[in-house]
Amino acid sequence: MRTRQEIRSDSAPWSDPILWYARGVGTLQKRPISDKTSWLFLAAIHGIDADAWTQFGYLSNGAQLPEDPQNPSYWNQCQHQSWYFWPWHRAYLRTFEEIVGAAIVSLNGPSDWGLPYWNYSDVKLADATAIPKEFTDQTMPDGSQNPLFVSARFGRSVPAKDAALNRSIILGTFVGNDADSVPPGVGGPRTPFSNSGESSGLVEDYPHNLVHVDVGGQGGDVGFGLMSNPQTAAIDPIFWVHHSNIDRLWEVWLNRDKTHNANPTNTDWLGGPTDRAFRLYDAQGNDRPSNPQDVLSTQTLGYAYDDISDPLPGQFRRSHRLQSLAPQVAAAHATIMAAQMTKRPDTERLDSNGRQVTVGDQPVSLTLSLAPAPARAVANSFTAQAMRPDTPGEPDRVFLKLENIRTDRGSGVFDVEVRPAAHAPYVDVGSVSLFGVAAASSSRGPHGGAGMTKVLEVTNAVDVMTPTERRSGKLDIRIVPRDGNWSAGNISVGQVSLVRRSGQ
Amino acid sequence: MRAAAAAIRTLAEGPEWPLLAVAGLAWAVLLVAERIPGAPPVCATGAVDPIVLAQFWLSSFAAWTGPVTLFAALIAMPVAMTAPLLQAPLGHVRQSALHERRARAVALFLMGHVCAWAVSVAVLMGLAFGLGRLVSFPVAATGLAVAAGLVWQGTPYKVIARNLSHVRAPLPACGGRADTAVLRYGAQSAAYCCASCWPLMLAPMTGGPSHLAMTATAAALMLCDRTARPIGAVPRWRWIGAGLAVGACVVTGILVWTP
């Protein structure tokens with residue numbers, strides 16, 4: 001049984017697991033791309049854009065490739081914006097770990113080596129969010145060149161709010177809704193094979209996408225780092241310890257609430273996509289079944305994490321919200337007069353700005369009004385009964401949708417802030433990473449250039465509004481590009497809208 | 001065909017079952033119109049000289065046969081074939097509009113969609129007629145249309161058109177901009193849908209044998225095309241289409257030249 005440990009589980013840097021990881025990576029990097037167990041072949045399974053690889057210096061002009069990236073058999077398989085996000089990456093990591101493990105054994109290393117993980121969310125760990133020293137040192141302890149170092153990595157650390165898990169694992173649903181409805185699930189929307197798509201699952205957004213772009217950063221000839229783009233990310237050795245942590249979060253999520261948190265049981269999830277089958281292999285290069293049903297148990301796969309304890313004990317989205325609403329219960333009406341109630345759908349629009357918003361390197365502000373009828377439904381849902389934790393349901397939830405986010409180049413992160421009234425301070429409601437947005441914006445790409453749609457919960461902002469403001473109020477929205485991490489030029493957001501979702 | 005059957009089952013069990021009902025109604029109109037004595041075949045109008053067609057429609061306009069066949073050819077046929085494909089775009093339209101405006105938004109979307117399809121069908125009718133004039137035998141025209149369709153299926157342009165037909169346009173929730181946006185979205189999705197599947201519509205119009213069965217087959221193929229790989233295909237050349245097209249031409253030649 002392999003045990004996957006946190007990189008800094010030993011107090012001193014360069015502990016044995018990471019030292020052997022570096023040696024194994026060095027061995028794989030020496031193999032030609034035509035070898036299925038080589039570093040570049042494995043990276044291309046996640047994603048390859050031959051032009052970008054050439055720009056970064058990993059391919060020479062006109063290099064002969066063992067596969068056509070446009071017509072791949074193994075390459076360009078990574079699953080994003082999909083309910084296959086977690087299981088496909090687990091199967092992918094399994095292939096990688098076994099190949100590196102075999103290389104380590106060939107170097108007379110341990111036979112039970114496990115891929116380390118980087119837990120940037122561990123608040124107990126000093127400097128948890130800083131990129132581990134083992135990836136920034138140019139040389140290993142013995143003075144030889146460090147295979148874990150890449151020059152095209154421009155981030156230095158992950159902002160603490162990007163590493164926080166309070167927007168992702170506290171939700172109890174695996175499968176989210178599609179781009180038209182809310183809320184997203186933890187694991188992603190139901191899709192066929194999805195190399196890129198429109199809306200991500202919550203863990204894919206927080207922290208996965210944000211960490212990718214934070215680590216990749218901005219700089220160099222290309223403008224951004226390897227990790228910022230799905231088609232280059234797996235070339236960077238830090239990719240694998242990042243994804244080891246994302247895989248660990250799957251176990252953490254399942255473990256933190258065994259009653260409610262569960263994997264899908266749909267046969268089309270368990271059996272994998274039918275439009276393009278997942279193709280992954282063992283250390284000898286032999287294909288093996290790699291669908292979700294084949295990777296559900298880490299024990300069966302022969303590995304375990306040293307820590308899958310709950311980082312947010314007792315924090316669950318609904319109870320957290322109702323706790324913060326407790327002061328309002330006394331003032332809330334007990335019941336709503338039947339005459340005031342009209343039947344509303346479970347999910348409906350409150351408003352949209354109805355036009356495209358362009359975001360450059362400066363903040364952009366806009367205001368959305370709550371349409372009277374659905375706003376009344378929101379206001380009427382704040383009954384004393386709905387706000388009590390011992391009764392089922394809760395007041396309506398409200399979401400902000402940023403539709404059809406597009407950019408033709410680069411990457412970056414922007415923060416979204418909301419304030420319920422002109423006099424109130426802005427409240428942070430989430431961050432949007434542009435990881436994969438350039439690919440999703442190509443009109444010749446698999447999604448016809450639809451770009452991505454992001455859904456951010458703004459219920460907290462509505463919770464602090466007065467009943468009058470909820471009935472006829474406005475929400476000011478501010479989109480703030482992050483300094484020092486913006487290589488996207490201008491991006492366009494097709495439309496910004498507000499959606500209410502019944503809490504009953 | 002299993003994919004088409006599964007898609008129909010999902011539609012029938014979900015809230016979008018009226019789409020199936022509308023498609024069924026359109027098929028009923030088609031069947032009735034096909035059996036009108038003396039009327040040109042509504043699914044194979046391309047095989048008839050447009051002047052003859054126009055004369056029939058004008059001369060029998062006062063009677064019910066003219067309007068029914070005109071409606072069947074331009075409206076009922078595309079509705080019968082494409083109504084089951086509208087599940088996703090109609091869902092997007094409904095979710096994007098304010099609740100009070102949903103019916104209006106759906107009506108405007110359908111108006112844009114049907115109008116764009118009517119124009120497309122008229123163009124395809126002209127194309128089918130031109131193809132019929134090019135070769136002497138209806139079966140040869142049908143064979144050529146099938147061959148063109150097979151080649152088209154293997155081109156990246158077909159995939160691009162299909163991917164574009166899946167794109168959800170941003171739709172404002174209310175106001176005049178919402179009306180124009182949803183009307184445009186309806187026309188746009190029909191145009192991309194037609195660009196993706198035009199040979200499937202063209203083949204039955206050439207008036208070959210069993211054109212009604214061919215229309216039904218084409219509708220099933222369109223449903224498969226939409227649901228089997230709903231999103232995510234990478235545009236690229238697939239030479240198998242060209243290979244099958246050669247096969248279709250050979251079969252057509254045999255049918256034409258065999259006494």
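So that the names make sense, note that chain A is the first sequence line, chain B the second, and so on, each numbered from 1.
Each of A:Q495, A:R355, A:R349 was evaluated against B:P172; a single residue qualifies, A:Q495, per the side chain to side chain contact (heavy atoms under 4.5 Å, CB included) test.
Residues of residues 99-112 of chain B that come closer than 4.5 Å to chain A, counting heavy atoms only, are B:H99, B:E100, B:R102, ordered by residue number.
Evaluation of the side chain to side chain donor-acceptor pair (under 3.5 Å) rule for A:T232 yields no partner, not counting sequence neighbours.
Note that CG of A:L350 is 8.5 Å distant from CG of B:L98, once rounded to the nearest 0.5 Å. The CD atom of B:Q95 sits 11.0 Å away from the OG atom of A:S497 when rounded to the nearest 0.5 Å. In this structure, the separation between NZ on A:K401 and OG on B:S96 is 6.0 Å, given to the nearest 0.5 Å.
Crowding of A:R406 atom CZ: a count of heavy atoms from other residues, nucleotides or ligands under 6.0 Å exceeding 12.
Only the backbone of A:N353 comes within contact range of chain B, judged by heavy atoms closer than 4.5 Å. Heavy-atom distances place no part of B:A181 under 4.5 Å from chain A, backbone and side chain included.
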Intermediate values then yes/no, side chain to side chain contact (heavy atoms under 4.5 Å, CB included), B:R168 and A:E403:
CA-CA 9 Å; B:R168 294 179 171 97; A:E403 300 174 47; over 6 Å; no
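Across every non-hydrogen atom of A:G448 and B:L164, the tightest pair is O-CD2, 3.4 Å.
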